[in-house]
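Quick notes on the structure that follows.
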Amino acid sequence: MASSRTGKLVILSGPSGSGKTTVVRKLLGVAEPRLELSVSATTRPPRAGEVDGKDYHFLTTEEFLRRKAAGEFLETFEVFGNGYWYGTLRSEVERRLADGISVLLEIDVDGAMEIVKQYPSAVTIFLSPGTEEELERRLRGRKTESEETIQRRLATAKREMAAMNKYKYQIVNDAGAVNETVQRLADVIQNDSGDDAL
Ligand SMILES: Nc1ncnc2c1ncn2[C@@H]1O[C@H](COP(=O)(O)OP(=O)(O)OP(=O)(O)O)[C@@H](O)[C@H]1O
Ligand SMILES: Nc1nc2c(ncn2[C@@H]2O[C@H](COP(=O)(O)O)[C@@H](O)[C@H]2O)c(=O)[nH]1
């Protein structure tokens with residue numbers, strides 16, 4: 001039977017390396033209302049261990065642009081200006097919300113602002129790493145990016161940090177405090193009133 005209530009749409013943004021994926025993995029198990037993750041599409045190649053359909057829908061550029069032209073995305077951006085596309089698929093979001101299931105988007109600042117235009121009552125949360133030095137330490141420690149990519153992501157981080165006040169909530173993911181961050185995220189999501197995001 002269809003639910004009479006729509007689910008909450010939760011948007012989590014923050015610089016690459018701030019810890020979004022790390023906290024989201026834990027949050028999905030504890031959040032109330034229960035959250036399901038929207039799996040984004042991307043044209044970037046998979047990292048070691050990443051699984052198609054779970055971490056991302058990995059698409060060729062041709063397939064991504066075909067689906068974009070067909071109107072299958074709520075938003076798309078070339079996040080780091082490096083030629084790789086990222087996007088939120090309507091199929092990951094619309095049906096779940098209509099069925100009363102809450103959905104979490106882990107997306108960049110530009111994508112978040114585009115979604116808020118369409119869903120003004122989205123719960124928008126910005127996750128920051130504390131300091132620039134800590135962000136760089138985490139990005140390097142992950143050992144997934146080339147030096148050029150790290151530099152591009154650090155440069156993008158400055159622009160993203162400047163946009164944090166556009167979010168309804170700002171949370172610092174302090175070093176070594178993943179569990180505390182997850183708890184704060186869970187509290188914010190549970191207690192959000194549903195007032196417009198901006
Ligand atoms: N609170 C924390 N303290 C110390 N290290 C952390 C913390 N949170 C995450 N990390 C580490 O920082 C690195 C980056 O985390 P993660 O991959 O979750 O970032 P992200 O924001 O999802 O990045 P991207 O946007 O590139 O996907 C990982 O190695 C992770 O283990
Ligand atoms: N606008 C969108 N941004 C997205 C989406 N999915 C992920 N992202 C952002 O990309 C960066 C980089 O991710 P990585 O996996 O290559 O390290 C990350 O900060 C996400 O916020 C999306 O669908 N739309």
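Residue numbers run from 1 in the order of the sequence given. Everything quoted here is computed from the prediction, not taken from an experiment. One-based numbering, in listed order, for ligands and for the atoms of each.
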field: side chain to side chain contact (heavy atoms under 4.5 Å, CB included) partner of Pro15, the single match among Thr156, Leu135, Leu139
entry: Leu135

task: May I ask you to check whether over 12 heavy atoms, not counting those of Arg25, lie within 6.0 Å of atom CZ?
output: no

- prompt: Strictly under 4.0 Å, does any heavy atom of Glu145 approach an atom of ligand 2?
  reply: no

query: So, does Ser13 sit close enough to ligand 2 that a heavy atom of it is under 4.0 Å from the ligand?
result: no

task: Identify which one of Glu134, Glu133, Glu147, Glu145 satisfies the salt bridge (Lys or Arg N to Asp or Glu O under 4.0 Å) criterion when paired with Arg140.
output: Glu147

- request: Quick one: pull up CZ in Arg47 and OH in Tyr56 and give me the separation to the nearest 0.5 Å.
  value: 7.0 Å

- prompt: Which option out of Thr76, Ile11, Ile107 puts a heavy atom nearest to atom 21 (O) of ligand 2?
  reply: Ile107

Closest approach of any protein heavy atom to atom 26 (O) of ligand 1, naming residue and atom: Ser16 OG, 2.6 Å

- prompt: For atom 8 (N) of ligand 1, which protein heavy atom lies nearest, and how many Å away is it?
  reply: Asn173 ND2, 3.1 Å

- line: Of all protein heavy atoms, the one nearest atom 10 (N) of ligand 1 is Arg138 CD, 3.8 Å

- prompt: Going by the order shown, which atoms of ligand 1 are within less than 4.0 Å of some heavy atom of Val178?
  reply: 1 (N), 2 (C), 7 (C), 8 (N)

query: Is it true that Arg153 lies under 4.0 Å from ligand 1, counting heavy atoms only?
result: yes

message: Check contact between Glu114 and ligand 2, using heavy atoms of the residue and a distance below 4.0 angstrom.
response: no

- request: Give the numbers and elements of all ligand 2 atoms closer than 4.0 Å to a heavy atom of Lys20.
  value: 19 (O), 21 (O)

statement: Taking only non-hydrogen atoms of Asp108 and a 4.0 Å limit, the atoms of ligand 2 in range are 1 (N), 2 (C), 3 (N), 4 (C), 9 (C), 21 (O)

- prompt: Which of these, Arg152, Arg153, Arg138, sits in a side-chain hydrogen bond (donor to acceptor under 3.5 Å, both in side chains) with Ser16?
  reply: Arg153

statement: Minimal heavy-atom distance between Leu74 and Arg90, with the atoms involved, is CD2-NH1, 3.4 Å

task: Consider ligand 1: state whether an atom of it lies below 4.0 angstrom from any non-hydrogen atom of Gly141.
output: no

query: Among Ser40, Pro15, Ala112, Ala157, whose heavy atom sits nearest atom 23 (O) of ligand 2?
result: Ser40

query: For Arg142, is at least one N or O under 3.5 Å away from an N or O on ligand 1?
result: yes

- request: Can you sort out which atoms of ligand 1 are near Ala177, meaning under 4.0 Å from one of its heavy atoms?
  value: 1 (N)

query: So, Arg44 and Thr42: side-chain donor and acceptor under 3.5 Å apart, yes or no?
result: no

- request: Heavy-atom contacts with Ala175 under 4.0 Å: which atoms of ligand 1 show up? List them by number with element.
  value: 3 (N)

query: What residue and heavy atom of the protein are closest to atom 31 (O) of ligand 1, and at what distance?
result: Thr22 OG1, 4.0 Å

query: Near Val79, which atoms of ligand 2 are under 4.0 Å from a heavy atom of that residue?
result: 3 (N), 10 (O)

query: Where is the nearest protein heavy atom to atom 19 (O) of ligand 1: which residue, which atom, and how far?
result: Gly19 N, 3.2 Å

query: Is Lys8 salt-bridged to Asp192, going by a charged N under 4.0 Å from an acidic O?
result: no

- prompt: Taking atom CD of Glu180 as the centre, does the number of heavy atoms from other residues, nucleotides or ligands within less than 6.0 Å exceed 12?
  reply: yes

- prompt: Backbone N or O of Tyr84 within a donor-acceptor pair of the Asn82 side chain at under 3.5 Å?
  reply: yes

task: For atom 16 (O) of ligand 2, state which one of Trp85, Tyr86, Phe73 supplies the nearest heavy atom.
output: Tyr86

query: Is the shortest distance from a heavy atom of Asp174 to ligand 1 less than 4.0 Å?
result: yes

message: Considering both backbone and side-chain atoms of Gly176, is one of its nitrogen or oxygen atoms within less than 3.5 Å of a nitrogen or oxygen in ligand 1?
response: yes

statement: dist Ser40:OG -> Asp108:CG (nearest 0.5 Å) comes out at 9.5 Å

query: Which atoms from ligand 2 have a heavy atom of Gly111 less than 4.0 Å away?
result: 1 (N)

task: Following the transitive rule for hydrophobic clusters with a side-chain heavy-atom cut-off under 4.5 Å over Ile, Leu, Val, Met, Phe, Trp and Tyr, establish whether Tyr86 and Leu59 coincide in one cluster.
output: no

task: Starting from atom 25 (O) of ligand 1, find the nearest protein heavy-atom neighbour and note its residue, name and distance.
output: Lys20 NZ, 2.7 Å

- prompt: So if you build clusters from Ile, Leu, Val, Met, Phe, Trp, Tyr with side-chain heavy-atom gaps below 4.5 Å, do Leu9 and Leu89 land together?
  reply: no

task: Determine whether any heavy atom of Phe80 lies closer than 4.0 Å to an atom of ligand 2.
output: yes

- prompt: So, does Thr43 use its side chain to make a donor-acceptor pair with the main chain of Trp85 at under 3.5 Å?
  reply: yes

- request: Using distance alone, decide if ligand 2 has a nitrogen or oxygen within less than 3.5 Å of any nitrogen or oxygen in Arg44.
  value: yes

message: Show me which atoms of ligand 2 lie under 4.0 Å from any heavy atom of Arg153.
response: 12 (C), 14 (P), 16 (O), 17 (O)

- prompt: Can you tell me the protein heavy atom closest to atom 14 (C) of ligand 1 and the distance?
  reply: Gly17 O, 3.7 Å

query: Looking only at atom types and distance, does a side-chain atom of Glu92 sit under 3.5 Å from a main-chain N or O of Val39, one as donor and one as acceptor?
result: yes

query: What are the atoms of ligand 1, with element, lying closer than 4.0 Å to any heavy atom of Pro15?
result: 21 (O)

Donor-acceptor under 3.5 Å (Ser13 side chain, Phe126 main chain): no

- request: Work out whether the distance between some heavy atom of Asp110 and some atom of ligand 2 is less than 4.0 Å.
  value: no

